[in-house]
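Here is the structure we will look at, set down as structure tokens.
All chains are named by letter (A, B, ...) in the order of the sequence lines, taking the proteins before the strands, and each is independently numbered beginning at 1. In this text, all values refer to a predicted model and were calculated from it rather than measured experimentally.
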Amino acid sequence: MLGRTANSLFWMFRYLERAENTARLLEAALRMALTRDLVTAEAEWRSVIATLGLRSAYEALHDGYDGMQVWNFVLRGPANPGNVRNMFGGVRSNARMARTNISSDVWEAVNENWMRLEKLLARPVGQTMVGEALSAIRRAGTQVHGAFDGSILRDEGYHFARAGTYIERADSTARILDMKYFLLLPSLSYVGSSLDTGQWEQVLRSVAGARVYSWLNAGQIEARGIVEFVVLDDRFPRSLAFCRNALRENLAALARMHAADGRCHGLMRDSDTHISHLTVDQIFEQGLHEFLVDFLARNAAISQAIAQDYRFHA
Amino acid sequence: MQGRSASFDEMFDGEGRTRPAYAEYCRWFHEQPPELMRRKNREADDTFRRTGITFNVYGEDAAEERLIPFDMVPRIITAAEWRKLSKGIEQRVRALNSFLYDLYHRQEIVRAGRLPERLLRGNDAWLANMVGFTPPGGIYTHIVGIDLVRTGPDDFFVLEDNARTPSGVSYMLENRETMMGMFPDLFSRVAVESVSNYPRRLARSLAACVPPAFTGGKPTVAVLTPGIYNSAYFEHAFLADQMGAELVEGSDLRVTEGRVQMRTTRGYKPIDVLYRRVDDDYLDPLTFNPDSALGVPGIMDVYRAGGITIANAPGTGVADDKAIYSFMPEIVEFYTGEKPLLPNVQTWRCADKDSLAYVLDNLAELVVKEVHGSGGYGMLIGPTSSKREIAAFREKLVAKPDNYIAQPTLALSTCPIYTAKGLAPRHLDLRPFVLVSPEGIDITPGGLTRVALKQGSLVVNSSQGGGTKDTWVLKD
């Protein structure tokens, strides 16, 4: 496979995942805004912008954190080049570049959803349309993944796509956690007093884990349990542990196919020795924020090593 | 209604009776509920849009993709007509290859006084560094598109030869797929020659032209595209996909160890046959346009040393020149020793004083084309142009007569298209696709029918609002 094609598959799925995660983040905030007071809602919208790393770009344009302003900025704001509309454009142009390595099913799923989203995001998204737009973004992810699973040859291209998915997902989950880490410190170090279980639930909702978590924990919402679930529970498909396992498997498959290890495999092993044995208590001891910063750096380094090992660029 | 009454209609004769080739189709058509046909017509557009069969129009927003309108009434050719046409096409393509070989070798045709030398020297597509070089298998034009027009029952003419990089074959294939998807019952009632194995035939044809450096095994074939913003990117990806070839861009390639190699996830891998959809000018920045980012520095040296096959061979564009075209009857006779089976359209070379005088006197009746032009750009269609347009064109023509040829305005045949108000005749042409390899000449039955969608219009080019039709060659 061409290195450039591998790059396209990798980024096609990173953008797809990023678009989907962004939609979830907005959905969670939207829900909070509908159920809570104005001050809490504004804080939540502010945290969405901060989680996505858009604070300075956003504040250059807007004074306050009004919901509609925020979601329009995130979904389609021209001053925000990383908006969801562009992300999905990135999914499509990478799919076009990798057209000979994906099936018609996958291409059509991408193309149809792109057409739908282009229509939905062509004009400012109002109150009545935002729900539909967000669920269309999530559905796009589901449909592309479904077509991909059902029709793609399990050769190296499949594993580049999957590696991109899990690197992006781990990145997103870690960032969401990091933005809220001060809410999730163990009880003794609570900062401030405005904390409530509604805020913790928000973390779970942003990673689409609220329902599963409360099912597993009989409705008990507490910080330690949430961190354990989102970081360490390898049954939950958006947890860091799950993403790392999936990434490890896909990298191993690439090593088998190429009959060689690359730098990315070394970094993966290295990160295993540092991370996989950690318990939730040890993570709190070391500091959740410090743990997440280290995790994000390792994740990014593996991503870069994959690009190098498999000649994504000339 | 210019053209209508004077034109030959493919479906109906002068009395409005259905011609035999269309009899079964018309019976079927009249059995269909009109509402169903209206719905199918809308669906066709959605199908093309969903599958991404689009093209970009130069000069418009780079991101904009457009559909080539598809008309769901097929254009039908009888087996007997096709036998005759394909004989003529084969003869012409054989002559074209011999002609190109001769041009880049001894130039017998010039020595014999049958072709003026100035036509070569003044030709932008002429490549001096192809002189004395023989491409692998002696093949110059691996893929050729011959544009045909019809004016009467037995009157087919060649309007243009596309020996450089003919495009449109993906539409031929997708039009058929779409028709079979929309009207499966139709194909059980009418026996139509299949076109679907074109990509396989293309792959085989290309693989038969391996370069001397080929080391055995399965030849590595790649399609070179300028990238996703090129107007024909869809076709490049489509053909690569269907052939099982890699789709490469210039940035994927480099020259090492005397071969052109592509960057794979496992390292660089040599390419044996490159089906390039990049113009000569952009192929090798070391040899041609130094600003080109689309090509491969050094590929021409590799080519000349036998390290790669380039299809079509660089320099074949010479034959697309419309001044050369005007000599095609002589060219066919010179290399095949036979009379041309397919006639040219009468052509005045404006470089000749007498012809120029005639053309200037009759501008309002003629079609004037640039000798290097294509895509329907830079031409004048006298009868449909205003006095001002004609006057402006006259100035260009007088300033640079060598740059133009003129032809009579042909009464192109018509075939009905489907419209909201029922069937309506529109002018059309036909581009059959021809594959050339050392194993022989292979013509896919039919080709791409391009149709003007505006009433009375004679311009069928997709860049100028033309559409396409599925083209049927009936089985005997």
Side-chain angles (χ1 to χ4, degrees), chain A residues 1-10 12 85-86 89-90 92-116 118-119 143 147 153 155-160 163 253-255 257-260 262 264 306-314, chain B residues 45-56 62-65 67 170 174 177 181 199 220-230 233-254 256 261-269 271 275 293 296-297:
Chain A
M1 162 177 294
L2 291 177
R4 183 173 50 84
T5 308
N7 182 55
S8 286
L9 286 167
F10 184 80
M12 172 184 163
R85 190 181 180 187
N86 288 351
R92 184 172 182 266
S93 62
N94 278 296
R96 271 190 101 191
M97 280 190 271
R99 183 64 188 84
T100 56
N101 288 76
I102 58 176
S103 61
S104 300
D105 286 356
V106 174
W107 163 251
E108 286 177 27
V110 168
N111 198 39
E112 276 182 274
N113 280 292
W114 173 79
M115 289 190 287
R116 185 175 309 127
E118 275 295 293
K119 217 178 271 168
Q143 285 176 6
L153 189 70
D155 67 355
E156 50 177 336
Y158 175 82
H159 297 290
F160 287 122
L254 287 172
M257 287 173 183
H258 286 250
C264 64
I306 293 172
Q308 245 176 28
D309 290 342
Y310 297 103
R311 300 172 179 83
F312 283 10
H313 310 285
Chain B
D45 247 30
D46 293 342
T47 309
F48 279 85
R49 223 173 261 289
R50 191 179 66 242
T51 49
I53 307 176
T54 56
F55 73 112
N56 308 340
E64 195 192 345
E65 293 160 26
L67 295 183
S170 56
E174 286 291 347
E177 286 298 314
T220 301
V221 177
V223 178
L224 176 62
T225 175
I228 60 168
Y229 297 113
N230 183 265
Y233 178 78
F234 160 74
E235 177 156 305
H236 307 160
F238 178 90
L239 289 175
D241 191 30
Q242 300 270 313
M243 284 197 290
E246 286 292 354
L247 179 65
V248 298
E249 296 180 12
S251 65
D252 297 321
L253 307 180
R254 74 170 189 205
T256 35
Q261 311 217 18
M262 57 184 175
R263 195 181 73 252
T264 76
T265 57
R266 293 158 202 268
Y268 280 85
K269 183 182 176 196
I271 293 172
Y275 176 21
V296 193

Between A/Phe312 and chain B, with a heavy-atom cut-off of 4.5 Å, which part of the residue counts as in contact: side chain, backbone, both or neither? backbone
Give me the one residue out of B/Thr264, B/Asp252, B/Thr265 that meets side-chain contact (heavy atoms from CB on, under 4.5 Å) with A/Arg4. B/Asp252
Checking heavy atoms, do the side chain of B/Arg49, its backbone, both or neither come under 4.5 Å from chain A? both
Counting heavy-atom pairs closer than 4.5 Å to chain A, which one of B/Glu246, B/Lys269, B/Glu249 comes out on top? B/Glu249
Counting only non-hydrogen atoms closer than 4.5 Å, does B/Val223 touch chain A with its backbone (N, CA, C, O), its side chain (CB onward), both, or neither? neither
When rounded to the nearest 0.5 angstrom, what distance separates CG in A/Asn101 from CG in B/Leu247? 9.0 Å
Which atom pair, heavy atoms only, marks the closest approach of A/Thr100 to B/Ala237? CG2-O, 3.4 Å
So which of B/Gly267, B/Ala240, B/Gly227 has the largest heavy-atom pair count under 4.5 angstrom toward chain A? B/Gly267
Minimum heavy-atom separation for A/Ala314 to B/Ser251, with atom names? CB-O, 4.3 Å
Pairs of heavy atoms under 4.5 Å with chain B: top-ranked of A/Leu2, A/Asn111, A/Asn7: A/Leu2
Honestly, the part of A/Arg116 sitting under 4.5 Å from a heavy atom of chain B is neither
What distance separates A/Arg311 CZ from B/Met262 CE, expressed to the nearest 0.5 Å? 13.0 Å
Segment of A/Asp309 engaging chain B (4.5 angstrom heavy-atom cut-off): backbone
Partners of A/Gln308 by side chain to side chain contact (heavy atoms under 4.5 Å, CB included), sequence neighbours excluded? A/Arg263
Find the distance between OG (A/Ser104) and CZ (B/Phe238) and round it off to the nearest 0.5 Å. 9.0 Å
I'd like to check the side chain to side chain contact (heavy atoms under 4.5 Å, CB included) partners of A/Glu112; sequence neighbours left out, ordered by chain and number. A/Glu108, A/Met115, B/Arg50
Do you know which two heavy atoms are closest between B/Phe234 and A/Arg96, and how far apart they sit? N-NH2, 4.4 Å
